[in-house]
Amino acid sequence: MSVYYSEKIGLPKTDPQRWRLRVNELGRQYWDYIEEEDLENDPQTPYVQYLLKGDEFECPVPEKPHTAFESARNCADFLALIQDESGVFPCQYKGPMFMNIGYVVACYFTNTPIPDHVKTEMIRYIVNTAHPVDGGWGLHEWDKSTCFGTCMNYVVLRLLGLSKDNPVCTKARKVLHALGGALATPYWGKAWLSLLNVYKWEGVNPAPPEMWNLPYSLKIHPCRWWVHTRAIALPLSYVSSYKSQMPLTPLLKELRNEIFVQDFDTIDFSKHRNNVCGIDLYYPHTSLLDFANNFLVGYDKIRPTWLLKESNDAAYELIKKELANTEHLCIAPVNAAFNTIVAYLEEGPKSYNFKRLQDRFKDVIFHGPQGMTTMGTNGTQVWDTSFCLQYFFMAGLADLDEYEELIVRCFKFLIRSQFTTDTVDGSYRDKRLGCFPFSTKEQGYTVSDCTAEAIKAILMVRNHSKFAYLGDYIDEDLLKKGIDVLLSLQNVGSYHFGSFSTYESIRANPALEKINPAEVFGNIMVEYPYVECTDSSVLGLTYFREHWDYRRDDIDIAIERGVKFICEAQQEDGSWYGCWGVCFTYAGMFALEALASVGQYYETNEIVRKGCDFLVSKQMADGGWSESIKSCETHTYVRGKKSMVVQTSWVLIGLILAKYPDKEVIDRGVQLIMNRQKARGDFDFEAVEGIFNHSCGIEYPNYKFLFPIKALGLYSKEYEQ
Ligand SMILES: CC(C)=CCC[C@@H](C)[C@H]1CC[C@@]2(C)C3=C(CC[C@]12C)[C@@]1(C)CC[C@H](O)C(C)(C)[C@@H]1CC3
C-alpha cells in the first residue's frame, strides 16, 4: 500500500480496523468508528476492507482468464464481493476540493463538535491531496493550486486543529500569499470566510433575497435557474443580506492574521468584491454583472428592514421545502452546509430542522485510504446499480446462477429507490412520481438520464425468464408515471429542440449566464441541453418501446427528436463533447449506443461512421485510449499520457455497438483491458473519470468495474460465441 504524505510527516491516523460503514435499505451510508471491545461482535464487511485497504484487501484469486468472457466474469466476481446487502456498491465519490469547507464551517458556526476520528482523517485527506510541489490545493484533486482551493483547505486544516507552524500549513500559507491571499478568493470562498468572521460581507457581492418574491412569470426568476445554482443562491442570499457572522474566537483571530497579505485592520473590504486571483478565474464577470452588483450594493444600504425580513422569511420558507423534499439531505453538500447555518440562525440549536440537518452531515463524509472527505453528493447508488444490472444482462452474466443474488439485490434496491411521492407544493419543482435520482430516493431529485437508465435496468430484469418471479415487485403504474415525467423533461425550445437536460427541462435562456457570479464555473445558471442525458433518455425510451405498449406515438416522437438532436450535436470532426465524463470518449460511447438503438450503424450511417473514425484516430500505440481532463476545460481532445481502462472500455463499447468493421482495432483494445486486469479480477484506479461544470473533476470509482464488464461482455457476445 502506498505511503501517504501524511505518514511521511508523521501525522496521526485512525485505526482502520475500527471503521464500519452502515448502509440502510435506501442506500443511506455513513461511517462509524467503533470501540475496540466491539470489534469481534461487529465484523468488518469485505467491501469496507477493500475501501480502506485497496491492494492489501485479501480475496480469492480466480483462474487467469483466457477469453474476454472469463475476464468479464472475474471482474464480476470481484464486484459481487464489494456489494452491500442493500444492493449498492459504496464508494468514495471524491474529487472536488471545496466541499469540506462547508462541512467544517457549518460545524464550527453551530458549535457542532466534530469527532476526533473524523478530524484526524479529514486532516489526512487534505494533507494527502496537497499539490506535491507547491503544497497548495486547487478546485479539484488534480488541479493546479488556486487561491480558492488553497484558502479553503488551509482554513479547514486550521479549524480542524492543525497548528499554523505545521510545515503543511507554512507551505500552504506561502502559496496562498503568492496568489493574493484571502482577498483574491472567489465569491463562495469570500462567503464562507465572512460567515467565519475572518472577512467582511461588504467585500462580497450581494445576493438580494427579494428575488425569491419576484413573479415566476419573469424570465429571470431564480427558480428558473439550474437546480444547484438556485439551491445555493437561496441560503447565500439569506446569510449575505443579513450579514451573518459568528462571534470571533481566539482561533479565528489567528486566522485573520494568517490568510491575508496585509494587516486585517487596514483592509477596506468593499474594494475587494471583484478581486479574484487570475489563476482561479474560469468565468470572469460580465460588465452587466458588475453594473448590477454596484447597483445592489447601493440598494443594500437603503433597503428598509421590514423588506429585508419579509424577503428572508420567504427565502426560509423555500429552504424548509427543500428540507422536506430531501429528508433534510438537501440536493448536495454545499447547500446543505449553508442551510444548516440558516436553520441554526432561524430556529436555534434545539430545533428539529437544525438537528436533522446536523444528523445528515454523516451521509456525505466518506472515508478512504487517503483519509475522509465530503463527497460531491451522498453517493452514486442508483446510477451505479442501474448500470450494473444492465451490463450483467448485456454481457450474458445474468444467465449464470452465481450472480443471481447480486442481481436481485440491485433490482430490489432500484425498486425501493423509485419516487413514490411528489414534492411539496410551492417548491418550484417538477413532478417526480415514478422517477429516479442519481444517489438515493431520500435525496429527492429526479435526473433525466438516471430515470431512463434505471427504468431500462428494471425492465431488463422483468424481461428475462430467469427473473420472472420478481415481476410482482414492479408497480407498472408507477413506471408509466416515470415515463410520463421523462417525456415531459424533453426540451422543445428552438435551439435545444429534442434534447434532455439534467434535473429539469430548460426554464430560462442561457443569456442568464451573463449574471453568473461563481467565477470558477461555467454554464451553471440554467439547464443546458446535454448530449449524454439525451443519449440515455433515448436509450431508455427505445428499450421501453420494444417491451411495452404505452404512449407509443409520444415515445416515437420523443425518440425521433432526441436522435435528431444527437446527430446535430456532433462536431465537424465526428466527436461529441461530454459534460459529465472525460470527455469526447465518454460522450462518443453514449451517442454511438443511442444511435445503434435506433438501427444506425457504421456501414449505413454517415454520422456513426464519422463518430467511430474520430475515436479510432485517437487509439494509442498500446491499443488503448486515454483522454485528459483538459479536454473538458478546453473543449478540444487532449490525449492523456497513459492509456486508461475506463476510456478504452468506453470507446470499445461505442465501436462494438456501432458494428465497426475493423476487428483488429477492437481486439487491441480488449487485449489492453485484459492485460491491465489484476489477478483478483479488479482494476486499479488510473485517472479521474468524471467532470462537472466544465472545470471540476470527480471520481466514479465503480466505473473501472462496470465499463470493462460491459465492453468485455459485448465483445464476447459479438466475437467469441
Ligand atoms: C458547483 C456545485 C453547485 C457543486 C455541487 C456539486 C454538484 C453540482 C455536482 C456533484 C455531482 C454531479 C456532478 C452530478 C450531476 C450534476 C452535478 C453534480 C450533482 C449529474 C446528476 C448530472 C447528469 C449526469 O449525467 C450525471 C447523472 C452523471 C451526473 C451525476 C453527478
Side-chain angles (χ1 to χ4, degrees), residues 91 93-103 139-140 148 152 186-189 191 225-236 282-283 326 329-339 364 373-387 435-440 443-454 489 499-504 516-525 527-537 539-540 578-583 586-587 589-590 594 632 688-700 702-703 706-707:
C91 61
Y93 186 41
K94 70 184 175 75
M97 291 304 292
F98 58 93
M99 300 286 180
N100 287 327
I101 184 77
Y103 169 72
L139 187 65
H140 55 96
F148 186 36
M152 296 299 101
Y187 182 47
W188 284 0
W225 301 356
W226 190 43
V227 279
H228 282 281
T229 308
R230 70 185 196 238
I232 293 168
L234 186 58
L236 194 52
Y282 181 76
Y283 195 86
T326 62
L329 251 173
C330 303
I331 188 170
V334 182
N335 80 321
F338 278 122
N339 286 344
V364 289
T373 188
T374 312
M375 301 198 288
T377 61
N378 63 324
T380 58
Q381 297 87 327
V382 167
W383 187 241
D384 286 347
T385 28
S386 304
F387 281 158
C435 289
F436 290 84
F438 171 70
S439 56
T440 62
Q443 187 264 1
Y445 276 82
T446 301
V447 188
S448 64
D449 52 3
C450 301
T451 297
E453 298 286 1
L489 288 177
S499 66
F500 284 80
S501 303
T502 57
Y503 300 83
E504 293 168 344
N516 173 352
E519 291 145 0
V520 289
F521 301 114
N523 289 18
I524 57 158
M525 288 305 290
E527 278 282 8
Y528 283 88
Y530 291 111
V531 74
E532 303 106 293
C533 296
T534 313
D535 297 324
S536 284
S537 300
L539 282 165
C579 288
W580 306 108
V582 177
C583 172
Y586 181 71
M589 162 190 68
F590 272 113
C632 310
V688 56
E689 304 89 352
I691 182 91
F692 60 91
N693 302 149
H694 301 238
S695 55
C696 189
I698 189 160
E699 274 176 37
Y700 286 75
N702 291 322
Y703 279 7
L706 296 168
F707 288 105

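The chain is numbered in sequence order, starting from 1. As the structure lists them, so they are numbered: ligands from 1, and atoms in each ligand from 1.
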Write out each pair where an N or O from ligand 1 and one from the protein are under 3.5 Å apart, with the distance.
{"unit_1": "ligand 1", "atom_1": "25 (O)", "unit_2": "D449", "atom_2": "OD2", "d": "2.3"}

key: Full working for side chain to side chain donor-acceptor pair (under 3.5 Å) between S536 and E453   = CA-CA 6 Å; S536 284; E453 298 286 1; 2.6 Å; yes
message = Looking at F436, is its backbone amide N or carbonyl O close enough to the side chain of T451 to form a donor-acceptor pair, meaning the two atoms are under 3.5 Å apart?
response = yes
request  = Spell out, as yes or no, whether a donor-acceptor pair under 3.5 Å connects the side chain of T326 to the backbone of I331.
outcome  = no
query = Are L139 and M97 close enough that some pair of their side-chain heavy atoms sits under 4.5 Å apart?
reply = no
query = Minimum heavy-atom separation for N516 to G522, with atom names?
reply = ND2-CA, 4.2 Å
ask   = Aromatic ring centroids of F438 and Y93 under 6.0 Å?
value = yes
